[in-house]
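In what follows, a structure is listed as structure tokens, so that the remarks can point back to it.
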Amino acid sequence: MEFDYEKLVSATEGFSPSRLIGKGSHGYVYEGLLHEEDDHKRQRVVAIKTPSLLSSRSQPSSVITKTEQMKKLEDEISVMSSLPYNPHVLTFLGHAEKRLMVVEFMPNGSLHQLLHHVSSTPPPTWLKRIEIALKIARAVHFLHEQDILHRDIKSDNILFDSNWEPKLADFGLAVDLAEKKVPAPAGTIGYLDPCYTSPESLSAKTDVYSYGVVLLEIVSCRKAIDVSRSPASIVDWALPLIEEGKIGEICCGGGGGGGGGGSGVFMETNLRLLRMAARCVSSDVESRPSSGEIAAEMVACLTEPVRSLPLWVSFFRGVVKLKRRKKRLSERMTWPGQTCRVR
Ligand SMILES: Nc1ncnc2c1ncn2[C@@H]1O[C@H](COP(=O)(O)OP(=O)(O)OP(=O)(O)O)[C@@H](O)[C@H]1O
């Protein structure tokens, strides 16, 4: 959808600092209030991305930087607008003259903030973490099916919507393989595949590496790079521990999730998650799994804790399910003025 440029400017109160959400390497993101097309009384909160040079508080930039910033946003708009809707990918809403990009507003911050205690929210439970890992794996698989490589998968770029649904965001470095352009290697240190050393070495497995780092982050709550520890890299730290089977030393507790990471019903699951992460970050690029394989394994990981529950818990779940079925059936068999009891 094409938006009127001036409308977007006024939606951010002229790029007011009070509307600024955050600054990226090639632009600023603002919270905007837009009137609905069909009902002007209703307003919708959106996120509006601008090259930093367009905003009132921008630093003076060189001509090359300005051009580069505009080009990056244009490329991001081009990739995002070509994507069909996917529930695990940030929704693109439109643009104004390819200079402003409008996307859905994500009010609950990033996975990075959630895992590394930047926000006041407690760390997610184990089930929630596996769910996040599955949804992001599905997002990556979806992109790869569309011949799009993200190139900047990291916990900072996984944002939560108002229902705490995680979505993959920031397509500033994304590449459309159909365009047959091979850009210079780029990404974020700590997540960047060490085998991605030349434009030609870019492949879907480059994203798989970054996803593996995020998976390690999800399981351990450790940052991708933590200079206060040795080794600083999460990959260098975790790989030997996974090889030695010391999963308890990697997993960090999942508040309210039913047991710590290295023990209880989640032990088997976490071992699977870590083995998958180790395959993703393997230095043997060919042996890394595809994004489809990762998504399938995450589904298996999500059902694993339920399968390994003790017998009495399964019996109890069965009784609860039966009661729910009975209730649904009795509701279906009840019409106004007529009651039918199901025993
Ligand atoms: N749709 C959104 N809703 C809410 N906040 C957002 C949205 N998109 C981005 N942000 C926030 O705005 C800030 C800047 O985001 P942006 O994607 O431009 O850059 P980045 O990911 O921080 O950095 P870089 O582009 O250098 O990787 C980040 O803090 C991000 O969490």
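Counting starts at 1 for both ligands and their atoms, in listed order.
- Residue-ligand proximity, V103 to ligand 1, at heavy-atom distances under 4.0 Å covers atoms 1 (N).
- For ligand 1 and A47, the ligand atoms under 4.0 Å from any heavy atom of the residue are 1 (N), 2 (C), 3 (N).
- For atom 10 (N) of ligand 1, the candidate residues are T188, L90, V29, V46; the nearest heavy-atom contact is made by V29.
- Counting heavy atoms from C-beta outward, L168 and F142 have side chains that stay 4.5 Å or more apart.
- Heavy-atom neighbours of E243 CD from other residues, nucleotides or ligands within 6.0 Å: at or below the threshold of 12.
- Residue contacts with ligand 1 do not include E31, since none of its heavy atoms lies under 4.0 Å from the ligand.
- The backbone N or O of C221 lies less than 3.5 Å from a partner atom in the side chain of H116, making a donor-acceptor pair.
- Ion pairing between K72 and E68 fails under the 4.0 Å rule for side-chain N and carboxylate O.
- Between the side chains of Y30 and S16, no donor-acceptor pair is found at a separation under 3.5 Å.
- One finds the OH atom of Y211 at 9.5 Å from the CD1 atom of I153 (value rounded to the nearest 0.5 Å).
- The protein atom (non-hydrogen) at minimum distance from atom 20 (P) of ligand 1 is D170 OD2, 3.8 Å.
- Test V89, L177, L143, D207 against I148 for side-chain contact (heavy atoms from CB on, under 4.5 Å) and you get one pass: L143.
- Two rings, from H95 and F3, have their centers 6.0 Å or more apart.
- Scanning the protein heavy atoms around atom 11 (C) of ligand 1, the nearest turns out to be I21 CG2, 4.1 Å.
- Distance remark: protein heavy atom not present below 4.0 angstrom from atom 28 (C) of ligand 1.
- At a 3.5 angstrom cut-off on N or O pairs, D156 does not count as close to ligand 1.
- Looking at atom 19 (O) of ligand 1, its nearest protein heavy atom turns out to be G24 CA, 3.2 Å.
- The protein heavy-atom contact nearest to atom 1 (N) of ligand 1 is E104 O, 2.8 Å.
- Distances between N or O atoms of M106 and those of ligand 1 include at least one value under 3.5 Å.
- Salt bridge status for K181 with D75: absent, with no side-chain N to carboxylate O gap under 4.0 Å.
- When the options N157, L159, D152 are ranked by their closest heavy atom to atom 6 (C) of ligand 1, first place goes to L159.
- Taking every heavy atom of K49 and a limit of under 4.0 angstrom, the matching atoms of ligand 1 come to 16 (P), 17 (O), 18 (O).
- The ligand atoms of ligand 1 that sit less than 4.0 angstrom from a heavy atom of K154 are 27 (O).
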